[in-house]
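This report refers to the structure that appears directly beneath it.
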2 protein chains.
Amino acid sequence: MSLPTSAEPTHPVHATNELFREAFRHHPAGVAIVTAANPSPVGITASSVASVSADPPALSFSVSGGSSAARVAEAETVVVHLMDAAHVDTVKRYATPGAARFLEGTWEPAATGEPVLNDAPWALRCRIVRRVPVGGSLLVAAEVDQILRGEHSEPMVYHNRAFHRLTEASLIQPRDAG
Amino acid sequence: MSLPTSAEPTHPVHATNELFREAFRHHPAGVAIVTAANPSPVGITASSVASVSADPPALSFSVSGGSSAARVAEAETVVVHLMDAAHVDTVKRYATPGAARFLEGTWEPAATGEPVLNDAPWALRCRIVRRVPVGGSLLVAAEVDQILRGEHSEPMVYHNRAFHRLTEASLIQPRDAG
């Protein structure tokens, strides 16, 4: 089997599920917790949250498997919390099937019902506008109605089943201007 | 203006384009270069590439503005290159409007025409299966047909207009088992 390039690359293969998983295990991602009230509070950790459009503000994420994921994807509105290094334990809790999630004192319901995690650096209240079946998953697009800005710590990244923090020491090159 | 939570959060605001941009500037992301032949070689840097489904393998990314972005999104097939720290200069070149991109010796056409960057850690040849207009952008879903695995260096992350590398020193906690 070979990828049909004229350059005869070293390790060409047809796509397999396992190789695909390996590729994305090595693709770093920010970490979010997406919550909804459907009908009771439900939440999942997602490493697929990405900005789609700034005007109007819209984002995407994908969900697959699990009743929590389905309840989040089926909700009319969700809150997308962008998490940082102070919250690694919270993120792991929301990623663990069966783990206790909405611990007392860690969240409050918005007036519209969705759970808002108290100490999230950013909480974006969104209306889901599209649910696109892709493979065995749902790709979700949502427009952002309200943004809550909380306390920030160091940025957190998920990569190869581990969490990293970004600091001045991890910089490759100085910040771009602008 | 206030986010309607019962907890009276500190900095609640309605979503604005600028605040949305700020939130996602602080959400770390892996970096990819997406190429196509439409009809000549075209490529863009994307920080929105995410895994959607492993079975069948599928991913998403979004594009907005720019003729290169439009040509990539309108192509039937694309190659998604997941890039790492050895390629920060390449990634910046593909992110810069008007910069020279397909430099001699850095790429080869696949038999099916798409440009494959020679030294990408991962190159995933994809068929675009959905193009979903969201706000002013296109959210693209693509199924992965072939995977090429190249040489790897340290993982690279884009955050707040700067590039970081992940190392053992940036780990928050040890790797999860499994």
Side-chain angles (χ1 to χ4, degrees), chain A residues 3-7 9 11-15 17 19-21 23-24 27-30 48 50-58 60 62 82 85 88 108 110-111 116 122 130 132 134-137 139 141 144-149 155 157 159 161-166 170-173 175-176, chain B residues 3-7 9 11-15 17 19-21 23-24 27-30 48 50-58 60 62 82 85 88 108 110-111 116 122 130 132 134-137 139 141 144-149 155 157 159 161-166 170-173 175-176:
Chain A
L3 188 89
T5 74
S6 55
H11 300 295
V13 286
H14 283 278
N17 306 348
L19 195 64
F20 177 83
R21 283 195 188 92
F24 273 97
H27 193 60
S48 59
S51 167
V52 175
S53 163
D55 188 10
S60 65
S62 62
L82 307 180
V88 62
E108 298 285 342
V116 177
W122 296 96
R130 294 293 296 267
V132 183
V134 178
S137 304
L139 176 60
V144 180
D145 287 328
Q146 292 184 298
I147 298 178
L148 182 148
R149 184 183 184 154
V157 177
H159 173 269
R161 302 195 182 106
F163 294 94
H164 293 254
R165 73 178 77 239
L166 303 183
S170 60
L171 272 173
I172 298 179
Q173 292 182 348
R175 221 165 291 285
D176 286 354
Chain B
L3 187 89
T5 74
S6 53
H11 300 294
V13 287
H14 283 279
N17 306 349
L19 195 65
F20 177 82
R21 283 195 190 91
F24 273 97
H27 193 60
S48 59
S51 166
V52 174
S53 162
D55 187 10
S60 64
S62 61
L82 307 180
V88 62
E108 297 287 341
V116 177
W122 296 96
R130 294 294 296 267
V132 183
V134 177
S137 304
L139 176 59
V144 181
D145 287 329
Q146 292 184 300
I147 299 178
L148 183 148
R149 184 183 186 157
V157 177
H159 174 268
R161 300 194 183 106
F163 294 92
H164 293 255
R165 72 177 80 238
L166 304 182
S170 60
L171 273 174
I172 298 178
Q173 294 180 345
R175 221 166 292 283
D176 287 355

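Note that the structure is a prediction, hence the values are computed from the model and not measured. The chains referred to below are lettered A, B, ... by the order of the sequence lines, with proteins before strands, and numbering in each begins at 1.
- Contact of B:Arg130 with chain A is made through the side chain alone, with heavy-atom distances under 4.5 Å.
- Residue A:Arg21 touches chain B through its side chain alone, counting heavy-atom pairs closer than 4.5 Å.
- The choice from B:Ala50, B:Pro56, B:Ser60 that makes the most heavy-atom pairs within less than 4.5 Å of chain A is B:Ala50.
- Note that the NE2 atom of A:His27 and the CG atom of B:Leu82 stand 5.0 Å from one another [nearest 0.5 Å].
- Of the listed residues (A:Ala141, A:Gly135, A:Gly30, A:Ala29), the one with the most heavy-atom contacts under 4.5 Å to chain B is A:Gly30.
- Counting only distance, with no hydrogens or angles, the side chain of A:Ser137 and the backbone of B:Val52 share a donor-acceptor pair below 3.5 Å.
- Proximity to chain A (any heavy atom under 4.5 Å) is restricted, for B:Ser62, to the side chain, taken from C-beta onward.
- Closest approach of B:Ser53 to A:Gly136, counting heavy atoms only: OG-N, 3.2 Å.
- Most heavy-atom pairs under 4.5 Å with chain A: of the set B:Ala23, B:Ala85, B:Ala58, this distinction falls to B:Ala23.
- Among the candidates B:Val144, B:Asp55, B:Val88, the residue making the largest number of heavy-atom pairs closer than 4.5 Å to chain A is B:Asp55.
- Between A:Leu166 and B:Ser170 there is no side-chain heavy-atom pair separated by less than 4.5 Å.
- Across all non-hydrogen atoms, the minimal contact from B:Arg165 to A:Ile172 is N-CG1, 3.6 Å.
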